[in-house]
Amino acid sequence: QVQLVESGGGSVQAGGSLRLSCVLSGYTGNDICMGWFRQHPGQEREGVAAFSAGTDTSVSESVKGRFRISRDKAKNTLYLEMNSLKPEDTAMYYCAATLLSDLCPGRLMRTELYNYWGQGTQVTVSS
């Protein structure tokens, strides 16, 4: 059973930084796509950044140049390094994964691709 557990959220002032972590358990193979999504209150969940099973990545235009996605396969951990945070980055951030890696190309930022989700970690940025 694949499980994802996020951590690292918190409250920071605008311009600050946070690093989110997502630990994957229940799967140790390479045929997995993983990503970060966020959800603002009252809005739909949106893609932030994601990896394919290979080396392809997708990053939302709204965070490009400020956020960086990375992974440590040895630790089964996905990271999201967030810099120059803005109040509009305030949201619940979710880690997601899918083992349907053949479906990932062109779909990395689509919530419907993913069938495993973490519980979320709150990020709050004050002005």
Side-chain angles (χ1 to χ4, degrees):
Q1 177 77 5
V2 172
Q3 290 190 321
L4 303 168
V5 179
E6 303 101 330
S7 63
S11 297
V12 296
Q13 290 193 328
S17 299
L18 284 172
R19 188 176 79 158
L20 306 183
S21 300
C22 171
V23 178
L24 165 70
S25 61
Y27 182 78
T28 56
N30 293 317
D31 292 331
I32 186 168
C33 304
M34 295 184 69
W36 289 98
F37 289 76
R38 66 185 182 185
Q39 189 165 19
H40 299 95
Q43 297 186 26
E44 293 187 354
R45 203 166 292 186
E46 63 180 17
V48 176
F51 271 119
S52 70
T55 57
D56 292 341
T57 60
S58 287
V59 180
S60 168
E61 287 297 324
S62 65
V63 305
K64 195 168 287 185
R66 300 188 297 120
F67 291 13
R68 189 174 75 95
I69 188 172
S70 63
R71 57 189 169 185
D72 185 331
K73 291 187 176 181
K75 295 182 178 179
N76 261 3
T77 301
L78 184 73
Y79 301 99
L80 184 68
E81 185 174 337
M82 305 185 295
N83 299 305
S84 302
L85 282 160
K86 303 176 181 180
E88 51 263 43
D89 295 318
T90 295
M92 184 71 79
Y93 283 72
Y94 297 91
C95 177
T98 178
L99 301 182
L100 304 175
S101 59
D102 289 347
L103 299 180
C104 293
R107 302 182 180 90
L108 283 174
M109 304 294 267
R110 297 187 186 179
T111 56
E112 59 267 28
L113 174 67
Y114 298 88
N115 48 359
Y116 299 103
W117 293 87
Q119 81 287 352
T121 185
Q122 178 68 38
V123 172
T124 302
V125 185
S126 59
S127 57

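Numbers here are sequence positions counted from 1.
For the atom pair CG (L100) and CD1 (I32), the distance works out to 10.5 Å, reported to the nearest 0.5 Å. Between atom CG of residue L113 and atom SG of residue C104 there is a gap of 4.5 Å, rounded to the nearest 0.5 Å.
Between L78 and C95, the shortest heavy-atom distance links the atoms CD2-SG, 4.1 Å. Across every non-hydrogen atom of N83 and S17, the tightest pair is OD1-OG, 2.9 Å. Contact record, L108 with C33: CD2-CB, 4.1 Å, taken as the closest heavy-atom pair. Between S60 and M109, the shortest heavy-atom contact is N-CE, 3.4 Å.
Residue E44 places its CD atom among 12 or fewer non-hydrogen atoms of other residues, nucleotides or ligands, all under 6.0 Å distant.
Inter-residue side-chain proximity for V48 and M82 is flagged as unmet; no heavy-atom pair is nearer than 4.5 Å.
Hydrophobic cluster membership is shared by L99 and F51, with clusters built from Ile, Leu, Val, Met, Phe, Trp and Tyr side chains linked at under 4.5 angstrom. Placement of I69 and L18 within a single hydrophobic cluster is found when ILVMFWY residues are connected by side-chain heavy-atom separations under 4.5 Å, directly or transitively.
W36 contributes a side-chain N or O that, together with a main-chain N or O of Y79, makes up a donor-acceptor pair within less than 3.5 Å.
Every residue two or more places apart in sequence or in another chain that forms a salt bridge (Lys or Arg N to Asp or Glu O under 4.0 Å) with E46 is listed here: R38. Listed by chain and number, the residues in a ring-ring contact (aromatic ring centres under 6.0 Å, His included) with Y93 amount to none (sequence neighbours excluded).
Checked against Q43 for a side-chain contact (heavy atoms from CB on, under 4.5 Å), the options Q39, R45, H40 give a single hit: H40.
Aromatic pair Y114/F37: centroids less than 6.0 angstrom apart.
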